[in-house]
Amino acid sequence: MTTVTTTEAHGHRDAAGVPVRRLTVLYDADCSLCTFVRDWLGRQPQLVPLEPVAAGSAEAAARFPGLDHGATLEEITVVGDGGQVYRGTAAWIVTLWALREHRALAHRLSTPAGAGLAKGAVLAAAKWRGARKKNGGWGGGAYHAADGWSFDRHRGWTYTPPGCADGACSTG
């Protein structure tokens, strides 16, 4: 497994050789894919506890003052309790490694042969996220369409007929 060994997260210790006992997964709370994965991770049996924290949040900034929090919104970042920082493909692999049912997969993905597959999956997810943001697609919070339908994750689907701005409303 590829690790970014750095003091970036905590700023005061070398993370090399420190055991991982807990992982903080920084995720984009405005991304529907990211929140789906966060919820999925919470339902999985964990060998190493995973704690989701919204990337770019006040909590993330307070807990990890040395991180580039703008970068954590662009690329998945996982922080180990010993100061380890994992980004991109390594972050996905270490997250799978923490899960009981996916640890063997994480070991396979950390090999040279598996690394290409893991990188491809991460790039596909990043491309999907980028397309959703660029096209104004749904980010998971609210959705509004010109036909009057809207979705709010707290209220569900609602329909409000389109306005009659020109005074000619269709009743058909």
Side-chain angles (χ1 to χ4, degrees), residues 1-135 137-141:
M1 176 174 344
T2 305
T3 303
V4 177
T5 306
T6 181
T7 57
E8 176 180 22
H10 297 283
H12 64 279
R13 58 182 157 191
D14 182 7
V18 177
V20 176
R21 293 189 179 95
R22 173 173 292 281
L23 293 166
T24 302
V25 179
L26 299 172
Y27 70 96
D28 184 349
D30 293 328
C31 165
S32 60
L33 176 62
C34 303
T35 58
F36 173 83
V37 171
R38 175 206 60 201
D39 295 344
W40 179 81
L41 289 171
R43 293 188 304 270
Q44 303 305 303
Q46 300 174 2
L47 295 171
V48 175
L50 297 172
E51 182 179 4
V53 173
S57 67
E59 179 182 359
R63 290 177 64 176
F64 309 112
L67 278 180
D68 175 353
H69 291 281
T72 65
L73 286 165
E74 298 300 319
E75 183 175 43
I76 182 175
T77 303
V78 176
V79 181
D81 61 331
Q84 306 90 340
V85 176
Y86 307 88
R87 294 186 187 278
T89 305
W92 284 108
I93 293 172
V94 77
T95 300
L96 289 172
W97 173 83
L99 303 175
R100 183 178 71 210
E101 296 174 12
H102 300 285
R103 185 166 277 189
L105 174 61
H107 285 290
R108 286 192 301 274
L109 293 175
S110 68
T111 67
L117 178 62
K119 185 175 183 178
V122 170
L123 291 174
K127 185 172 183 164
W128 186 89
R129 282 185 69 225
R132 293 293 174 263
K133 285 187 176 190
K134 184 190 307 179
N135 296 330
W138 186 49

Calculate, to the nearest 0.5 Å, the distance between atoms [atom1] and [atom2] belonging to [X] and [Y] respectively.
| X | Y | atom1 | atom2 | value |
| --- | --- | --- | --- | --- |
| H107 | L96 | NE2 | CG | 11.0 Å |
| Q46 | R103 | CD | CZ | 11.5 Å |
| D28 | R38 | CG | CZ | 11.0 Å |
| F36 | L41 | CZ | CG | 10.0 Å |
| L50 | L99 | CG | CG | 5.5 Å |

What pairs of residues pass the ring pair (Phe, Tyr, Trp, His ring centres under 6.0 Å) test when at least one of them lies in residues 42-63, not counting sequence neighbours?
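Residue pairs passing ring pair (Phe, Tyr, Trp, His ring centres under 6.0 Å), neighbours aside: none found.
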Can you name the residues that form a side chain to side chain contact (heavy atoms under 4.5 Å, CB included) with A61, not counting sequence neighbours?
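Partners of A61 under the side chain to side chain contact (heavy atoms under 4.5 Å, CB included) test: H69.
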List in chain and number order the residues that pass side chain to side chain contact (heavy atoms under 4.5 Å, CB included) with T111, two or more places apart in sequence or in another chain; answer none if no residue qualifies.
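Residues passing side chain to side chain contact (heavy atoms under 4.5 Å, CB included) with T111: A113.
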Does any pair with a residue in residues 43-57 pass salt bridge (charged side-chain N to carboxylate O under 4.0 Å, His left out), and if so which ones, sequence neighbours excluded?
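Counting only pairs at least two positions apart or across chains, the salt bridge (charged side-chain N to carboxylate O under 4.0 Å, His left out) contacts touching residues 43-57 are E51-R63.
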List for me each residue that meets side-chain hydrogen bond (donor to acceptor under 3.5 Å, both in side chains) alongside T77, sequence neighbours excluded, and say none if there are none.
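side-chain hydrogen bond (donor to acceptor under 3.5 Å, both in side chains) check on T77 returns R87.
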For E101, what residues pass the salt bridge (charged side-chain N to carboxylate O under 4.0 Å, His left out) criterion, not counting sequence neighbours?
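Once residues adjacent in sequence are excluded, E101 has no partner under the salt bridge (charged side-chain N to carboxylate O under 4.0 Å, His left out) criterion.
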[X] versus [Y]: any side-chain heavy-atom pair under 4.5 Å?
| X | Y | answer |
| --- | --- | --- |
| Y86 | L23 | yes |
| T24 | F64 | yes |
| V37 | I76 | no |

